[in-house]
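One structure below.
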Amino acid sequence: MKSSATRKAPGKPFELLLDQRVIHRRIEELGRQITTDYAGQIPVLIGVLKGCVIFMADLIREIKLPVELEFVSAASYRKGIRREEDVVVGGGIAIPLEGRHVLIVEGVVDSGRTVSMVLEKVRKMEPASVEVVTLLDKPGSHRTKLDVKYKGFSVGNEFVIGFGLDNTQQYRNLPFVGRLLDR
Ligand code: IMP
Ligand code: MG
């Protein structure tokens, strides 16, 4: 595959933040906690694409309960001259959520706007309960009041990549979480 070899982009420098074993152990703990908290229920997990994919795939295998899966996508747009950011939630939720126990699954919560928009959409469907589970949380960056019940790790105001998280769509397949040194 000559063309892909010649198109290989130089990587940006990053350093290891969370290694695979540390992440795996934490996901096992989250799975156990969710299994206990939702005993006797069939929770609906709603993944926020695309950052959720690796975390969600691992997490659901640590939840020893029947689960149902949905996905939404979220995109931020800068709107108008005030450069206000607006998050648009796409993707239909086919499973009726009324009376169901819902878990929104994210890769990273930063300002909290994305998760807030997904929460709003889900709450309109009258679930019995809704909670947020994220691999990474940046509590110092929240710009909206948000209760994140299940979090893998808290990180500072830094840009992280890997384990599903991207920088301009790349690095999602790194099996660990790194910190980008050069934004
Ligand atoms: P929020 O709406 O500001 O909470 O941002 C959430 C979204 O921004 C996530 O779903 C990611 O797509 C992206 N994001 C925020 N911080 C990072 C990061 O450090 N690395 C990669 N993506 C990030
Ligand atoms: Mg992104």
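For ligands, and for the atoms within them, numbers begin at 1 and follow the listed sequence. Note that these values count all heavy atoms, side chains included, but never hydrogens, waters or copies made by symmetry.
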Atoms of ligand 1, numbered as shown, that sit under 4.0 Å from any heavy atom of [X]:
X: Thr114; answer: 1 (P), 2 (O), 5 (O), 6 (C)
X: Glu158; answer: 19 (O)
X: Glu106; answer: 10 (O)
X: Val160; answer: 18 (C), 19 (O), 20 (N), 21 (C)

Any heavy atom of [X] sitting closer than 4.0 Å to ligand 1?
X: His142; answer: no
X: Gly51; answer: no
X: Ile161; answer: no

Would you call the rings of Tyr171 and Phe14 parallel, tilted or perpendicular, taking 30° and 60° as the class edges? perpendicular
Among all protein heavy atoms, pick the one closest to [atom] and tell me residue, atom and distance.
atom: atom 22 (N) of ligand 1; answer: Phe159 CZ, 3.8 Å
atom: atom 8 (O) of ligand 1; answer: Asp110 CB, 4.9 Å
atom: atom 14 (N) of ligand 1; answer: Val108 CG1, 3.8 Å

Backbone, side chain, both or neither: what part of Lys138 comes under 4.0 angstrom of ligand 1, heavy atoms only? side chain
Name, closest N/O/S atom of Asp166 to the Mg ion (ligand 2): OD1
Backbone of Arg32 reached by a side-chain donor or acceptor of Glu62 within 3.5 Å: no
[X] side chain near [Y] side chain, heavy-atom distance below 4.5 Å:
X: Leu30; Y: Tyr150; value: yes
X: Phe163; Y: Leu136; value: no
X: Val155; Y: Leu17; value: yes
X: Arg172; Y: Ile161; value: no
X: Gln41; Y: Leu65; value: no
X: Lys151; Y: Val133; value: no
X: Val122; Y: Ile104; value: yes

N or O contact, Val115 vs ligand 1, cut-off under 3.5 Å: no
Atom 5 (O) of ligand 1 protein-contacted (non-hydrogen atom, under 4.0 angstrom): yes
Test item: protein heavy atom less than 4.0 Å from atom 12 (O) of ligand 1: no
Is there a chain of hydrophobic side chains (I, L, V, M, F, W, Y, each step under 4.5 Å between heavy atoms) that links Val115 to Phe153? no
Among Ser141, Ser111, Gly162, which residue places a heavy atom closest to atom 1 (P) of ligand 1? Ser111
